[in-house]
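The block underneath contains the structure these notes are about, expressed in C-alpha cells.
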Amino acid sequence: QVQLVESGGGLVQAGGSLRLSCVASTTIFRIDAMGWYRQAPGKQRELVATITNSGNTNYADSVKGRFSISRDNAKNTVYLQMNSLKPEDTAGYYCNGGGYLFRNSPINDYWGQGNQVTGSS
C-alpha cells in the first residue's frame, strides 16, 4: 500500500518560514501531478499548489509570491516552501499525488496523513 509521508510542519511566528516535504513510502512506478492542500478547522479542504512531473506549477491566489512548490521525480518527493507565513495560513496541510503503482496499474489518488502548520500572530 503506497502512502505519502509528510514532514516539516510546526509552529512559526508570522513572517517566518517552513518547508514541508512529502515522499512516497514505497516504490511506485510513476507519480504524475503532485500537490498540497490545506484544511482549517470548520472549513473545506482547499488547493494550495500543484506541480506536474514536467515542472508546471499552479498556486492558489492566497499563496502566490509566498509559497513555492517543487519536486524531485527520482525520489518521488514533493516540497512546499512557505515564506512570509500569516496566521490565516494555519491549517492541516495534506500532500496529494496521482500515480501508478506498477506499469499497467490504473491510476490511483494518494494522500498524506496531514501535517499541522500554525502561523502565530
Side-chain angles (χ1 to χ4, degrees):
Q1 178 71 24
V2 176
Q3 291 182 328
L4 300 183
V5 180
E6 305 162 7
S7 60
L11 172 67
V12 64
Q13 286 190 332
S17 298
L18 281 175
R19 188 192 195 210
L20 301 180
S21 299
C22 171
V23 60
S25 63
T26 57
T27 300
I28 185 170
F29 172 67
R30 189 179 83 220
I31 295 181
D32 289 340
M34 300 187 78
W36 292 93
Y37 291 73
R38 67 186 181 186
Q39 187 168 20
K43 295 187 177 181
Q44 289 189 332
R45 188 171 296 190
E46 63 176 4
L47 182 145
V48 176
T50 60
I51 184 168
T52 67
N53 53 12
S54 59
N56 294 319
T57 58
N58 180 53
Y59 295 93
D61 288 343
S62 59
V63 306
K64 282 181 181 176
R66 300 188 297 121
F67 290 12
S68 178
I69 189 170
S70 61
R71 66 187 289 172
D72 184 333
N73 290 334
K75 297 179 180 179
N76 281 331
T77 300
V78 64
Y79 307 96
L80 185 68
Q81 178 66 43
M82 303 181 290
N83 298 326
S84 303
L85 277 161
K86 303 176 181 180
E88 51 264 43
D89 294 318
T90 297
Y93 282 70
Y94 296 84
C95 174
N96 171 260
Y100 305 84
L101 184 58
F102 303 108
R103 181 182 295 274
N104 58 353
S105 299
I107 190 167
N108 276 317
D109 202 26
Y110 301 106
W111 288 91
Q113 79 282 3
N115 215 355
Q116 181 66 30
V117 171
T118 302
S120 64
S121 57

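Bear in mind that the values here come from a model prediction, so they are computed numbers and not experimental data.
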Kindly compute the distance separating CG (N58) from CG (L47), expressed to the nearest 0.5 Å. 6.0 Å
What are the two closest non-hydrogen atoms of Y59 and K64, and how far apart are they? O-CE, 3.4 Å
Check: L80 and S68 side chains under 4.5 Å, non-hydrogen atoms: no
Quick one: does Y110's side chain get under 4.5 Å of L101's, heavy atoms only? yes
When you check the side-chain N and O atoms of N115 and Q113, is any donor under 3.5 Å from an acceptor? no
Over all heavy atoms of both residues, which pair between V117 and L85 is shortest? Give the atoms and the distance, please. CG1-CD2, 4.4 Å
side-chain contact (heavy atoms from CB on, under 4.5 Å), that's the test. Do Y100 and N108 meet it? Break it down for me. CA-CA 6 Å; Y100 305 84; N108 276 317; over 6 Å; no
Give the minimum heavy-atom separation between Q116 and G92, together with the two atoms involved. OE1-N, 3.7 Å
Euclidean distance, R71 CZ relative to T57 OG1, rounded to 0.5 Å: 12.0 Å
Test of understanding: clusters of I, L, V, M, F, W, Y form through side-chain heavy atoms closer than 4.5 Å, transitively. Do Y79 and M82 belong to the same one? no
Closest contact, heavy atoms only, L4 versus G97: CD1-N, 3.6 Å
With the 4.5 Å side-chain cut-off for hydrophobic clustering, are I69 and Y94 part of the same group? no
Show your reasoning for whether side-chain contact (heavy atoms from CB on, under 4.5 Å) applies to S70 and Q81. CA-CA 8 Å; S70 61; Q81 178 66 43; over 6 Å; no
Will you find, in the side chains of T77 and D72, an N or O donor that is under 3.5 Å from an N or O acceptor? no
Out of curiosity, does F29 fall in the hydrophobic cluster containing I107 (side-chain heavy atoms, cut-off under 4.5 Å, transitive links)? yes
Let me check something: do F102 and I28 share a hydrophobic cluster, defined by ILVMFWY side-chain heavy atoms less than 4.5 Å apart, either directly or through other members? yes
Hey, could you give me the OG/CZ distance between S105 and R30, rounded to the nearest 0.5 Å? 11.0 Å
Sidechain-backbone polar pair: T52 side chain, A33 backbone, donor-acceptor under 3.5 Å: no
Distance-minimising heavy-atom pair for V48 and V63: O-CG2, 3.6 Å
Are C95 and V78 close enough, and set up right, to give a side-chain contact (heavy atoms from CB on, under 4.5 Å), and what steps lead you there? CA-CA 8 Å; C95 174; V78 64; 3.7 Å; yes
Enumerate the side chain to side chain donor-acceptor pair (under 3.5 Å) contacts for residues 5-15, please, sequence neighbours excluded, ordered by first and then second residue. none
Is it the case that the side chains of N53 and D32 hold a donor-acceptor pair, with the cut-off being a distance below 3.5 Å and no angle test? yes
Cluster overlap I51 with V5, hydrophobic side-chain contacts below 4.5 Å: no
Side-chain donor-acceptor pairs under 3.5 Å in residues 34-43, sequence neighbours left out?
{"unit_1": "R38", "atom_1": "NE", "unit_2": "E46", "atom_2": "OE2", "d": "2.7"}
{"unit_1": "R38", "atom_1": "NH1", "unit_2": "D89", "atom_2": "OD1", "d": "3.0"}
{"unit_1": "R38", "atom_1": "NH1", "unit_2": "Y93", "atom_2": "OH", "d": "2.9"}
{"unit_1": "R38", "atom_1": "NH2", "unit_2": "E46", "atom_2": "OE2", "d": "3.3"}
{"unit_1": "R38", "atom_1": "NH2", "unit_2": "S62", "atom_2": "OG", "d": "3.4"}
{"unit_1": "Q39", "atom_1": "NE2", "unit_2": "K43", "atom_2": "O", "d": "3.1"}

Looking only at heavy atoms, which two atoms of A24 and I31 are closest? And how far apart? CB-CD1, 4.2 Å
